[in-house]
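Count residues from 1 along the sequence. Since the model is a prediction, treat every value here as computed from it, not as a measurement.
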Amino acid sequence: MLFLNDKVTKAFKPFVRLKKNTLLISQLTLDETPLKVELFYKGELILSDELKGNQILERAYRLSKDVRGDYFLKLKFGDRYFSEAFEL
């Protein structure tokens, strides 16, 4: 069995938290791969962003208290996709 250690990479899942009306996103990365963020409200894209940095990617988004309902968050990191649905 041949195992290529230099081809093994670790990817950490982004951490998403909603605190009142603030959406917090963070991720630990071992390389400089950007984290692409897309936020949807009622099926419509309302935010598109790309987080870049060295090892810790962090961003906070303040959502309007008056716009209540279901939100959907789509995150792309390299060739991996993560999603999160939440209600405000």
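- Residue Lys76 qualifies as enclosed at atom NZ: its count of foreign heavy atoms under 6.0 Å is above 12.
- Residues Thr33 and Phe77 form a side-chain contact, since some pair of their non-hydrogen atoms from C-beta on lies under 4.5 Å apart.
- You'll find the side chain of Leu63 reaches within 4.5 Å of the side chain of Leu39, heavy atoms only.
- Between Glu38 and Lys36 no salt bridge is recorded (no basic side-chain N to carboxylate O distance below 4.0 Å).
- Between Phe15 and Gln27 there is no side-chain heavy-atom pair separated by less than 4.5 Å.
- Within the model, atoms OG of Ser64 and CG of Asn21 stand 7.5 Å from one another, a figure rounded to the nearest 0.5 Å.
- How far CG of Leu23 is from CZ of Arg62: 12.0 Å, rounded to the nearest 0.5 Å.
- In this structure, the separation between CD on Glu84 and CZ on Phe72 is 9.5 Å, given to the nearest 0.5 Å.
- Counting heavy atoms from C-beta on, the side chains of Val16 and Leu75 come closer than 4.5 Å.
- Residue Lys20 comes nearest to Leu88 through the heavy atom pair O-CD1, 3.5 Å, listed as atom of the first residue, atom of the second, then distance.
- Counting only heavy atoms from C-beta outward, the side chains of Leu18 and Leu24 never approach each other to under 4.5 Å.
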Open item on the list: I'd like to know whether Arg59 forms a salt bridge (charged side-chain N to carboxylate O under 4.0 Å, His left out) with Asp49, so could you lay out the CA-CA distance, the side-chain angles of the two residues, the decisive distance to 0.1 Å, and finally the verdict.
Closed with: CA-CA 10 Å; Arg59 189 72 47 99; Asp49 197 5; 2.7 Å; yes
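- Between Asp70 and Tyr41 the shortest heavy-atom distance is O-CD1, 3.5 Å.
- Note on ring orientation: taking the six-membered ring where Trp is involved, the planes of Phe86 and Tyr71 are parallel (angle under 30°, cut-offs 30° and 60°).
- Between atom CG of residue Leu45 and atom CZ of residue Phe40 there is a gap of 5.0 Å, rounded to the nearest 0.5 Å.
- Side chains of Leu35 and Pro14 form a contact here, defined as non-hydrogen atoms less than 4.5 Å apart.
- Smallest separation of non-hydrogen atoms from Thr22 and Ala60: CG2-CB, 4.1 Å.
- In terms of heavy-atom proximity, Lys52 sits nearest to Pro34 at CG-CB, 4.0 Å.
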